[in-house]
There are 2 protein chains.
Amino acid sequence: MPPKPRRVTQREIAEIAGVSQTTVSVVLNDRDGKNVRIPAETRARVKQAIEELTYVADPAARRLAGLDNQIIGLFTYEAALSPESMDFYGPLLNGLERAAEQVGWDLLFFTSSPVENGTRSLFHRKTRLRLTDGCVLLGQQMVASELERLVAEQFPFVAIGRRDETAAAVPYVAIDYVTPANELMDQAVAQGHQQALYVHRGTDTPTARDRRLAVEAASADGRLSFLLVGEERIPDLPRLAQATGATVILGEDAFLTEDVVHSLTAAGIGVPDEISVAALAEVRGHRVEGRALAGFHVPREQLAAEALDLLQTLIITDPNEWHTLEIRRLLVAEVRSRETIVPRKAQP
Amino acid sequence: MPPKPRRVTQREIAEIAGVSQTTVSVVLNDRDGKNVRIPAETRARVKQAIEELTYVADPAARRLAGLDNQIIGLFTYEAALSPESMDFYGPLLNGLERAAEQVGWDLLFFTSSPVENGTRSLFHRKTRLRLTDGCVLLGQQMVASELERLVAEQFPFVAIGRRDETAAAVPYVAIDYVTPANELMDQAVAQGHQQALYVHRGTDTPTARDRRLAVEAASADGRLSFLLVGEERIPDLPRLAQATGATVILGEDAFLTEDVVHSLTAAGIGVPDEISVAALAEVRGHRVEGRALAGFHVPREQLAAEALDLLQTLIITDPNEWHTLEIRRLLVAEVRSRETIVPRKAQP
DNA sequence: CTCTCCTGATAATGCGTATCTGCAACTGGA
DNA sequence: TCCAGTTGCAGATACGCATTATCAGGAGAG
């Protein structure tokens with residue numbers, strides 16, 4: 001490394017203004033009490049020197065002295081800025097940037113984290129985590145041990161996405177899929193539907209479980225009768241619909257639902273005229289048969305704002321009081337069902 | 001601020017291993033010379049303690065002690081992550097992320113910089129600039145005084161985009177539009193064209209000047225005769241083309257060129273059959289008359305990689321030797337002319 | 001005239017790390 | 001046995017900032 005370029009320090013300001021470094025610090029922080037008093041005239045002299053030399057404090061020194069840095073970390077378990085992930089991360093990152101700008105925080109992307117055992121890891125030998133005041137975690141596959149360590153170290157952080165699987169109390173903001181799922185099913189019922197299919201993947205994430213439970217609950221209390229179908233049986237859907245008399249098919253996500261529609265239309269079944277469809281997930285940008293696919297709009301910008309708000313709360317609260325806080329926040333997704341959930345066709 | 005959570009320090013490691021803090025530092029940094037010698041047995045003992053306590057170095061303290069942090073700053077004069085700017089910044093950010101990951105650097109977005117006098121400013125009272133080892137600057141409108149201050153402070157930084165207007169030697173990576181512009185004009189000549197129009201905006205940026213100079217040079221040495229036309233005269237283009245006998249029209253950018261095409265087709269002039277068109281700029285995603293608009297493809301991911309490479313060079317080089325480096329790098333844009341530059345129609 | 005209180009500062013210290021200097025304890029050679 | 005050289009560390013210090021304790025000098029009270 002070349003010699004670190006020397007920049008203006010408080011000591012230099014002090015020499016020029018003819019005071020001590022202490023006084024400069026006091027003036028900078030507008031401190032004044034019974035212990036320390038600086039008359040207006042001296043203050044002015046110091047402030048002038050600060051202006052002239054265009055002093056800016058060294059954040060590393062501030063940090064070392066135990067102060068905050070107004071930096072928050074952003075850790076993603078996959079590349080955040082690649083074109084592929086932009087679809088998902090884009091609105092979140094945009095929301096984070098806007099919220100950070102609002103409160104005057106800088107955003108540190110932990111792009112350096114090396115890949116170990118398949119995923120990136122937050123704790124490595126030179127992690128810059130501790131430079132930040134707090135941290136936002138993004139990604140489908142978080143490592144439980146890292147979350148637990150963050151909790152144990154009482155480091156302020158917020159995960160985006162539900163993190164109930166871990167024993168420790170992980171602060172998160174996430175999307176409530178249950179409320180809008182019920183709303184969507186109620187609308188289907190109001191349109192005359194009685195029999196339905198739910199097409200799902202094999203995965204067992206918290207949100208997948210949520211959706212399935214909502215569907216099963218609706219089936220159990222007689223609102224809407226469901227048959228649950230794995231994705232491998234999509235080719236068989238036309239027959240299944242026929243056999244069960246289903247007039248609605250819900251998919252776990254938008255892509256799956258598109259596959260469902262292809263299977264139906266290939267068999268000559270009209271969507272949505274004969275069978276209504278919807279995804280219990282984000283559907284922005286997804287169209288089937290020239291219509292906007294019914295499903296949810298997830299407020300992702302707001303999700304980011306909420307995450308930073310929660311993080312800020314954690315940062316300014318003593319860790320020992322965290323248990324008194326509401327560290328899990330759910331945002332309700334918005335239902336958009338108009339175009340592919342339509343009234344049930346009169347029986348022939 | 002709540003009390004700073006205490007974490008593992010070298011001193012604690014030292015106590016457990018029964019050595020001094022110095023020794024821990026030496027072991028961590030694998031230092032060994034004639035001044036300091038640690039036998040393998042002691043090293044092992046210290047390393048074990050480090051493992052057991054899962055020690056990670058405090059980046060702030062490292063920085064204060066004059067070492068590098070492996071953090072580079074990213075300053076944009078506009079919001080970087082908004083959907084509107086993604087078109088332009090997206091590929092750059094992606095390239096930066098990938099390159100940063102390669103070399104193990106974290107990426108600090110200066111999202112906190114407040115707006116003063118219309119633009120964001122890099123130097124404010126609490127700027128975290130000095131936490132970084134170097135900085136990448138993005139944006140159309142950079143503030144000359146800030147660039148000069150960075151140069152004066154010998155702070156390693158690289159601008160993306162040409163920055164010749166400033167007196168001080170500003171390191172940058174940018175796109176060479178002149179070489180591909182000449183190539184494109186040569187192709188037009190090879191296709192039999194002799195007379196052309198160049199439609200430009202009123203702005204006087206370095207790249208705008210480059211393009212105009214290239215066009216004027218081609219005109220001067222008789223390769224291709226040009227008439228330069230301001231954008232306000234686009235409605236008049238059909239008449240101008242007729243009057244000059246021009247069979248090619250070049251636009252300063254893709255949007256301008258699209259307007260040109262609309263003006264021509266509205267007047268019944270076939271594009272590209274009767275008049276070939278191209279933009280002397282990025283044309284990805286732009287189509288006219290069902291064809292990919294001719295023009296350039298700017299290698300933006302590569303631009304980002306080149307910027308980080310230059311930055312890294314600056315960081316590891318003593319500032320006093322910077323004048324010996326090639327601190328301005330140009331990347332040649334790729335010509336894509338096939339679809340809307342076609343052979344000149346035989347005269348009737 | 002002495003004692004106390006207030007004013008306007010400053011010296012000293014700590015934060016965690018790296019580095020430079022120094023210094024015992026040992027070893028080998030004469 | 002005495003000295004020079006080597007081995008294996010520890011002490012001191014710097015980095016830039018905030019904070020705590022302290023201190024000299026002057027004013028006011030008794």
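Proteins come first, then strands; the chains are lettered A, B, ... in the order of their sequence lines, and each starts at number 1. Excluded from the calculations below are hydrogen atoms, water molecules and symmetry mates; all remaining heavy atoms, backbone and side chain alike, are included.
- Remark: A:Arg63 does not engage B:Asp58 in a salt bridge, criterion side-chain N to carboxylate O under 4.0 Å.
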*When you look at A:Arg11 and A:Glu15, which way does the salt bridge (Lys or Arg N to Asp or Glu O under 4.0 Å) test go after all the steps?*
CA-CA 6 Å; A:Arg11 203 196 315 277; A:Glu15 278 171 24; 5.5 Å; no
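- Summarising the geometry, the separation between CG on B:Asp32 and P on C:dA18 is reported as 16 Å, rounded to the nearest angstrom.
- Within the nucleic acid shown, A:Ala60 has no heavy atom closer than 4.0 Å to any nucleic acid atom.
- B:Asp68 places its CG atom 19 Å from the P atom of D:dC15, with the value rounded to the nearest Å.
- Across all strands, B:Val36 comes closer than 4.0 Å to base atoms (heavy-atom distances).
- Comparing A:Arg11 and A:Gln21 along DNA chain D, the residue whose closest nucleotide (by nearest heavy atom) sits nearer the 5' end is A:Arg11.
- Rounded to whole Å, the distance from CG on A:Leu67 to C1' on C:dC15 is 11 Å.
- Here C:dC15 presents its C1' atom at 17 Å from CZ of B:Arg63, a figure rounded to the nearest Å.
- In this structure, A:Asn29 reaches the sugar-phosphate backbone alone: every heavy-atom distance under 4.0 Å involves primed, P, OP1 or OP2 atoms, never a base.
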_Between B:Glu51 and B:Lys47, is the salt bridge (Lys or Arg N to Asp or Glu O under 4.0 Å) condition met? List the steps._
CA-CA 6 Å; B:Glu51 284 301 319; B:Lys47 278 187 172 167; over 6 Å; no
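- For the pair A:Arg130 CZ and C:dT17 C1', the interatomic distance rounds to 11 Å; values are reported in whole Å.
- In this structure, of C:dT19, D:dT19, D:dG16, it is C:dT19 that holds the atom nearest to the side chain of B:Thr22.
- Going from atom CZ of B:Arg31 over to atom P of D:dT7 covers 17 Å, rounded to whole Å.
- Note on B:Arg62: only backbone sugar-phosphate atoms sit closer than 4.0 angstrom, heavy atoms only; bases stay farther off.
- Listed nucleotides D:dC17, D:dG16, C:dA18 differ in distance to A:Tyr55; the shortest reach to its side chain belongs to D:dC17.
- Nucleic acid contact class of B:Val24 (heavy atoms, under 4.0 Å, all strands): none.
- Within the 4.5 Å cutoff, side-chain heavy atoms of B:Leu311 are placed close to those of B:Val136.
- Straight-line distance from the CD atom of B:Glu41 to the C1' atom of D:dT7: 14 Å, rounded to whole Å.
- Ranking D:dT20, C:dA18, D:dC17 by closeness to the A:Asp58 side chain, first place goes to D:dC17.
- In this model, no side-chain donor or acceptor of B:Thr23 finds a partner on the base of D:dA10 within 3.5 Å.
- Put simply, CD on B:Glu15 is 14 Å from C1' on C:dG16, counting in whole angstrom units.
- For B:Ser145, the side chain to side chain donor-acceptor pair (under 3.5 Å) test picks out no residue, with sequence neighbours left out.
- In this structure, B:Glu301 does not pair ionically with B:Arg98, as no charged nitrogen and carboxylate oxygen lie closer than 4.0 Å.
- Along DNA chain D, the nucleotide nearest to A:Ala61 and the one nearest to A:Arg37 differ in position, and the one closer to the 5' end is contacted by A:Ala61.
- Side chain of A:Thr42, nearest nucleotide from C:dC15, C:dA9, D:dT19: C:dA9.
- One cannot find a donor-acceptor pair under 3.5 Å joining the base of D:dG16 and the side-chain atoms of A:Ser25.
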